[in-house]
Amino acid sequence: MAQSFDIPKRQLGRNGPLLPAIGLGCMSMSPGFYSDNTKFLEAKGNVPVDENDEMTASALATLKRAVESGCVFWDTSNAYGMGHNEKLIARVLKEHRDKVFICTKFGIRVLPDGGYTVCGEPDYIRQCCEESLARLGVDSIDLYYQHRIDPHVPIETSIGAMAELVREGKVKHLGLSECSVETLRRAHKVHPIAAVQVEYSPWSREIEENGLLDACKELGVAVVAYSPLGRGLLTGTIRTPEDLAATDWRASNPRFQKEAFEKNLALIEAFKRISKRKGCTVGQLCLAWVLRQSDNIFIIPGTKRIKYLEENLGASSVALTDEDDQELRKYIEDIGVAGERYGAHDMSLVNK
């Protein structure tokens, strides 16, 4: 008999639905970030979903298990696999549309050479929405994010265009990803923002320091924490940088470089002292830690394997105390985090 999970539910924003606090990030289910993106670039993203492909088969099985487990808060983007990810999800979504709360994004435009720019122009937003609706095979998107903020387009203009999609019934709720407090406040005046997606984990705590977490609480906006496991490093399963393929995006990430990597392993070993005492994995410890920071926080750890989906959902049964929290934070202060969370080019696109 399949294991069951008691996933806590939380309200999405001030007027949104109750949703499972542990969702599913789907990015890794398609090639492009954590694997080779060459064939997608060569085909300009027009790659069919091949259910005979080993990775795709594993991803589809994971999505089906997620439905069974009640993990039905799914996150994707038109940039993941250049549309492939949305098409893959559609294979399962068509059978369970009434159960799944589907979130997708626009705003990152992938270039022919694999680079990217951002765009928040109204015509582009509408085009992306129509394309995502078609790929997902749905009449409406439950939560539609601006993936990155376009510094050349006023946020009021972009949110105004997104609000039109809400009025037309093509989108139900609006979100922003990697925005500043000022941008959130300006956007929220145009149309209620249901969620802000931002990196948040024990070693990426910028939203505690820059006021974004407090602003979300004040405005009644949910925080959707992506990469709550530090892109896999906080699970303790990646032991050396050589474990990553050369085409893996993480291979060029500052925290995965050899010197920084070795320093960060010391932090993970310290976290293991707490997880051992709590009877959980270090990954579950990190997920439980993020969830307890505020009752408006959702987490979307990503995986394409049933084994790790179930491990992540098991974090719902890990109860941490204030003392556990303080101990974990002290390890971070004493040992430190080596490396920025993004390289220079990527950081230029966040917190706008």
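Side chains included, hydrogens not; waters and symmetry mates left out as well; all remaining heavy atoms used.
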Peer 1: Output, in order, the C-alpha distance, side-chain angles, deciding distance and verdict of salt bridge (charged side-chain N to carboxylate O under 4.0 Å, His left out) for Glu182 and Arg185.
Peer 2: CA-CA 5 Å; Glu182 179 189 2; Arg185 292 189 183 281; over 6 Å; no
Peer 1: Does the side chain of Val282 come within less than 4.5 Å of Ile274's, by heavy atoms?
Peer 2: no
Peer 1: Would Ile141 and Leu133 satisfy side chain to side chain contact (heavy atoms under 4.5 Å, CB included), going step by step from the backbone distance to the final call?
Peer 2: CA-CA 7 Å; Ile141 296 164; Leu133 287 169; 3.7 Å; yes
Peer 1: Is the number of heavy atoms from other residues, nucleotides or ligands within 6.0 Å of CG (Asp334) greater than 12?
Peer 2: yes
Peer 1: Knowing that exactly one of Lys64, Arg65, Glu311 qualifies, which makes a side chain to side chain contact (heavy atoms under 4.5 Å, CB included) with Ile306?
Peer 2: Arg65
Peer 1: So, Ser201 side chain and Trp203 main chain: donor-acceptor pair closer than 3.5 Å or not?
Peer 2: yes
Peer 1: Got a sec, which residues hit side chain to side chain donor-acceptor pair (under 3.5 Å) with Gln11, two or more places apart in sequence or on another chain?
Peer 2: none
Peer 1: Looking at Cys179, is its backbone amide N or carbonyl O close enough to the side chain of Thr183 to form a donor-acceptor pair, meaning the two atoms are under 3.5 Å apart?
Peer 2: no
Peer 1: So Val72 and Pro20, do their side chains get closer than 4.5 Å, heavy atoms only?
Peer 2: yes
Peer 1: Verify whether one side chain among Glu208 and Tyr200 offers a donor that lies under 3.5 Å from an acceptor in the other.
Peer 2: yes
Peer 1: Once side-chain contact (heavy atoms from CB on, under 4.5 Å) is applied, do any residues pair with Phe101, and if so which ones, sequence neighbours excluded?
Peer 2: Leu12, Pro17, Leu19, Phe73, Cys103, Asp142, Leu143, His173
Peer 1: Rounded at 0.5 Å granularity, tell me how far CG in Leu234 sits from OG1 in Thr281.
Peer 2: 11.0 Å
Peer 1: Just checking Glu259: does its CD atom have more than 12 heavy atoms from other residues, nucleotides or ligands closer to it than 6.0 angstrom?
Peer 2: no
Peer 1: Same cluster or not: Val166 versus Ile155, using hydrophobic residues (I, L, V, M, F, W, Y) connected whenever any side-chain heavy atoms lie under 4.5 Å apart?
Peer 2: yes
Peer 1: Please check if Trp74 and Phe5 belong to a single hydrophobic cluster, counting links between Ile, Leu, Val, Met, Phe, Trp and Tyr side chain heavy atoms closer than 4.5 Å.
Peer 2: yes
Peer 1: So which atom in Arg14 and which in Lys217 form the shortest heavy-atom distance, rounded to 0.1 Å?
Peer 2: NH2-O, 4.5 Å
Peer 1: Starting at OG of Ser140, measure out to CG of Leu165 and round the result to the nearest 0.5 Å.
Peer 2: 11.5 Å
Peer 1: Please say whether more than 12 non-hydrogen atoms of neighbouring residues, nucleotides or ligands are located less than 6.0 Å from NZ in Lys189.
Peer 2: no
Peer 1: What are the two closest non-hydrogen atoms of Pro192 and Leu174, and how far apart are they?
Peer 2: O-CB, 4.2 Å
Peer 1: Can you tell me how far CD1 of Ile102 sits from NZ of Lys172, rounded to the nearest 0.5 angstrom?
Peer 2: 11.5 Å
Peer 1: Report whether Leu291 and Leu285 are members of the same hydrophobic cluster (ILVMFWY, side-chain heavy atoms less than 4.5 Å apart, transitive linking).
Peer 2: yes
Peer 1: For Met55, is there any backbone N or O sitting under 3.5 Å from a side-chain donor or acceptor partner on Ser58?
Peer 2: no
Peer 1: Less than 4.5 Å apart, any side-chain heavy atom of Pro202 and any of Ile332?
Peer 2: yes
Peer 1: Nearest 0.5 Å, what's the CG-CD1 distance between Asn264 and Ile335?
Peer 2: 10.0 Å
Peer 1: Will you find, in the side chains of Tyr331 and Gln326, an N or O donor that is under 3.5 Å from an N or O acceptor?
Peer 2: no
Peer 1: Within the 4.5 Å heavy-atom criterion, are Val118 and Ile149 side-chain neighbours or not?
Peer 2: no
Peer 1: Kindly indicate, with the supporting measurements, whether the criterion side chain to side chain contact (heavy atoms under 4.5 Å, CB included) is fulfilled by Val196 and Tyr145.
Peer 2: CA-CA 8 Å; Val196 167; Tyr145 292 99; over 6 Å; no
Peer 1: Is a side-chain N or O of Thr321 found less than 3.5 angstrom from the main chain of Asp324, in a donor-acceptor match?
Peer 2: yes
Peer 1: Any link between Leu287 and Leu267 through a network of hydrophobic side chains (Ile, Leu, Val, Met, Phe, Trp, Tyr) touching at under 4.5 Å?
Peer 2: yes
Peer 1: Where do Ile22 and Ile7 come nearest, in terms of heavy atoms and distance?
Peer 2: N-CG2, 3.8 Å
Peer 1: Starting from the C-alpha separation in whole Å, work towards a yes-or-no answer on side chain to side chain contact (heavy atoms under 4.5 Å, CB included) for Met29 and Arg305.
Peer 2: CA-CA 9 Å; Met29 295 180 174; Arg305 297 182 177 88; over 6 Å; no
Peer 1: Say you draw a straight line from NZ of Lys330 to CG of Leu328; how long is it, rounded to the nearest 0.5 Å?
Peer 2: 12.0 Å
Peer 1: For residues Glu51 and Arg91, determine if any side-chain heavy atom of one lies less than 4.5 Å from a side-chain heavy atom of the other.
Peer 2: yes
Peer 1: With a cut-off of 6.0 Å (strictly less than), are more than 12 heavy atoms of other residues, nucleotides or ligands near CD of Glu54?
Peer 2: no
Peer 1: When you compare the side chain of Thr303 with that of Leu24, does any pair of heavy atoms fall below 4.5 Å?
Peer 2: yes
Peer 1: Would the distance check show the side chain of Arg97 and the main-chain N or O of Val100 forming a donor-acceptor pair, the cut-off being under 3.5 Å?
Peer 2: yes
Peer 1: Mind checking what makes side-chain contact (heavy atoms from CB on, under 4.5 Å) contact with Val318, not counting sequence neighbours?
Peer 2: Cys280, Gln284, Ala288, Leu320
Peer 1: Report the residues that fulfil ring pair (Phe, Tyr, Trp, His ring centres under 6.0 Å) with Tyr144, sequence neighbours left out, ordered by chain and then residue number.
Peer 2: Phe106
Peer 1: State, with a plain yes or no, whether a side-chain heavy atom of Thr235 is found less than 4.5 Å away from one of Ile268.
Peer 2: no
Peer 1: Charged N to carboxylate O below 4.0 Å: is that the case for Glu130 and Lys170?
Peer 2: yes
Peer 1: The test is side chain to side chain contact (heavy atoms under 4.5 Å, CB included); show your working for Glu178 and Tyr226 and say whether it passes.
Peer 2: CA-CA 10 Å; Glu178 288 288 356; Tyr226 76 83; 2.5 Å; yes
Peer 1: Testing Gln197, Lys105, His147 for side-chain hydrogen bond (donor to acceptor under 3.5 Å, both in side chains) with Ser77, which one passes?
Peer 2: His147
Peer 1: Measure the CG-CZ distance between Asn210 and Arg205 for me, rounded to the nearest 0.5 Å.
Peer 2: 12.0 Å
Peer 1: Considering all heavy atoms of both residues, which atom of Val190 and which atom of Gly160 are nearest to each other, and what is their separation?
Peer 2: CG1-N, 4.0 Å
Peer 1: Hey, is Glu68 close enough to Lys99 for a salt bridge, meaning N to O under 4.0 Å?
Peer 2: no
Peer 1: Quick one: side-chain contact (heavy atoms from CB on, under 4.5 Å) partners of Val153, sequence neighbours excluded?
Peer 2: Glu121, Asp150, Thr157, Ser158
Peer 1: Can you list everything that forms a side-chain contact (heavy atoms from CB on, under 4.5 Å) with Asp325? Sequence neighbours excluded, please.
Peer 2: Trp289, Arg292, Gln293, Arg329
Peer 1: Mark yes or no for whether Lys278, through its side chain, and Ala319, through its backbone, hold a donor-acceptor pair below 3.5 Å.
Peer 2: yes
Peer 1: Would you call Ile193 and Leu219 a side-chain contact if the rule is heavy atoms closer than 4.5 Å?
Peer 2: no
Peer 1: Judged by modelled atom types alone, do Glu86 and Thr104 share a side-chain donor-acceptor pair under 3.5 Å?
Peer 2: yes
Peer 1: Find out if a path of hydrophobic residues (ILVMFWY) with successive side-chain heavy-atom gaps under 4.5 Å connects Leu136 to Leu60.
Peer 2: yes
Peer 1: Mind listing the closest non-hydrogen atom pair of Cys128 and Asn78 along with its distance?
Peer 2: SG-ND2, 3.6 Å
Peer 1: What closest approach, in Å, do Asp295 and Arg10 show between heavy atoms, and which atom pair accounts for it?
Peer 2: O-CD, 3.4 Å
